[in-house]
Number of protein chains: 2
Amino acid sequence: MCPTRIIVADTNDLVAIGISARFAEEADLHVVGHARTGKELLELITQVKADLALLEVSLPEMDGIDTMRHIHKHCEGIKVLAHSLLTEIEYVNSMLIEGADGYVVKNGPKGELAEAIRTVMDGGTYLSPTARESVAAGYQFTNKHMGGEYVGLTTREREIIRLVALQYGNAEIGEALGISEGTVKTHRKNLMHKLNVRGVAGLVKYAMDRRWI
Amino acid sequence: MCPTRIIVADTNDLVAIGISARFAEEADLHVVGHARTGKELLELITQVKADLALLEVSLPEMDGIDTMRHIHKHCEGIKVLAHSLLTEIEYVNSMLIEGADGYVVKNGPKGELAEAIRTVMDGGTYLSPTARESVAAGYQFTNKHMGGEYVGLTTREREIIRLVALQYGNAEIGEALGISEGTVKTHRKNLMHKLNVRGVAGLVKYAMDRRWI
DNA sequence: TTCACAATACCCATTTATGTTGATTTTTCA
DNA sequence: TGAAAAATCAACATAAATGGGTATTGTGAA
């Protein structure tokens, strides 16, 4: 039997090296590529034949959620396992909704990652205990996102949340984007509803988690 | 000659494994321990004889800056090299002011980390190009922190910035800490001055960078 | 014992953000 | 082409944050 060919998508080089080092002991797992951003991963998939991608949620340029969506639409025959330090329901759900085959939280028990990969390659789904807890605990809080009516952010909303996180005021954002301040307010309002947060703090945290700033 | 004994302080297990894997090729560098938080590092230093600590700035429980300060005061004879993805002047400066022997930005060229360690062990100081740029470029912006009058945050200020980042309002913070809303406002005002930021966004970013939330 | 600083608290004025509601135009895509 | 989604704008009211200043208390170091 041939080993499972894995691409690691993680900004941190050392993480990729660490994973390779771990899998050196596992005969059936072989790391064949490393991407530092979502975009790099999409390219790499077309160049290197791989069975599975280990995808960090928090990536610059194109984050894990967007990358997952793209892979699900355009790339047949590759499994994707989310792999992140983030445990918030928001991200676990998003990755699963976008088609991830599992969610492994970083820094888990030593053999967990390998086990998760094998489960997924067998056609199963793997969720780390923490991720499972997060999904369970999060239902009452983020139920507005669940039940199929997940709301993604639009392009404009992303531009705005990014500028908010960069300490721009509404007037400045409007100026920067060439729209009225009133429109900016509307977008912010929608953002806060969609993300279920109360103010700037929640927006900034979201933008930072997804590495939009 | 005996090899340099190194302790890695980083939340991410895989990073530590990655570093060990890299240094497997370097005969003079040997990783002898791994700490996941600042507190763990301080303990480990008393238990394991080490020549140098590789210290991530962004650590939970006790972050790199506070850990650095503590080591500088209480631990003789151990070199410390800061090692982080963060390149902001705020952190580079803070680490150097607190006594770090160098600052290496993660994801640099392959041999950089080893070179930096050797420089430091020779009694020198090593700064990554990015860190050096950041220091140079940051002077006009954060000069109020420079020239010896670096201002650290007080305990109370840290509690408050943390709650701000957790989306608490001033009234709620006051209630949570048992102080008046007015006092909270004063602390926030002082925080923004010290950190040279304009609003909630800047405070949240700072708290997240230092892993206080 | 001074001196510095942390922590507390309040005043005022101004700006900015949030909440509510409703609307129009443009874009996208089935 | 027609429906749905996205992007645009604004009036109103309320809540909250920002900026400036001042002042008291306690604590610990020089």
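Letters A, B, ... are given to chains in the order of the sequence lines, protein chains preceding strands, and every chain is numbered from 1. Everything numeric in this text was worked out from a predicted model, so none of it was measured.
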From the options [options], select the nucleotide whose nearest atom is closest to the side chain of [X].
X: Met192(A); options: dA17(D), dG19(C), dC10(C); value: dG19(C)
X: Lys189(B); options: dC10(C), dT18(C), dT20(C); value: dC10(C)
X: Val200(B); options: dA7(C), dA7(D), dT18(D); value: dT18(D)
X: Ile179(A); options: dT8(D), dT18(C), dA10(D); value: dT8(D)
X: His187(A); options: dA7(D), dT8(C), dT18(D); value: dA7(D)

With a 4.0 Å limit, can you tell me whether [X] has a side-chain N or O closer than that to the phosphate oxygens OP1/OP2 of [N]?
X: His193(B); N: dG19(D); value: no
X: Asn170(A); N: dT16(C); value: no
X: Thr183(B); N: dT8(C); value: no

Kindly say whether, by distance alone, the side chain of Lys185(A) makes a donor-acceptor pair under 3.5 Å with the base of dT20(C)? no
Please report, rounded to the nearest Å, how far the [atom2] atom of [N] is from the [atom1] atom of [X].
X: Ile173(A); N: dA7(D); atom1: CD1; atom2: P; result: 15 Å
X: Ile161(B); N: dA17(D); atom1: CD1; atom2: P; result: 15 Å
X: Tyr168(B); N: dA16(D); atom1: OH; atom2: C1'; result: 18 Å
X: Leu203(A); N: dA17(D); atom1: CG; atom2: C1'; result: 15 Å
X: Leu177(B); N: dA6(C); atom1: CG; atom2: C1'; result: 15 Å
X: Arg188(B); N: dA7(C); atom1: CZ; atom2: C1'; result: 18 Å
X: Asn190(B); N: dT22(D); atom1: CG; atom2: C1'; result: 13 Å
X: Arg156(A); N: dT25(C); atom1: CZ; atom2: P; result: 19 Å

Comparing Thr154(B) with Val197(A), nearest DNA chain C nucleotide closer to 5' gives the residue Thr154(B)
In terms of the nearest nucleotide of DNA chain C, which residue is placed more toward the 5' end: Glu181(B) or Arg198(A)?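 The residue closer to the strand's 5' end, by nearest nucleotide, is Glu181(B).
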Verify the neighbour count for atom CD of Glu76(B): are there more than 12 heavy atoms of other residues, nucleotides or ligands below 6.0 Å?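 12 or below, so no.
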Do other residues, nucleotides or ligands put more than 12 heavy atoms under 6.0 Å from Glu172(B) CD? yes
By the 4.0 Å heavy-atom rule, please label Thr186(A) as base, sugar-phosphate, or nothing. base
Does Arg36(B) come within less than 4.0 Å of Glu61(B), counting only side-chain N to carboxylate O? no
With a 4.0 Å cut-off, would you call Arg162(B) and Glu159(B) a salt bridge?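 Not counted as a salt bridge, because no side-chain N and carboxylate O are separated by less than 4.0 Å.
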Without hydrogens or angle criteria, can the side chains of Thr11(A) and Glu56(A) be said to hold a donor-acceptor pair below 3.5 Å? no
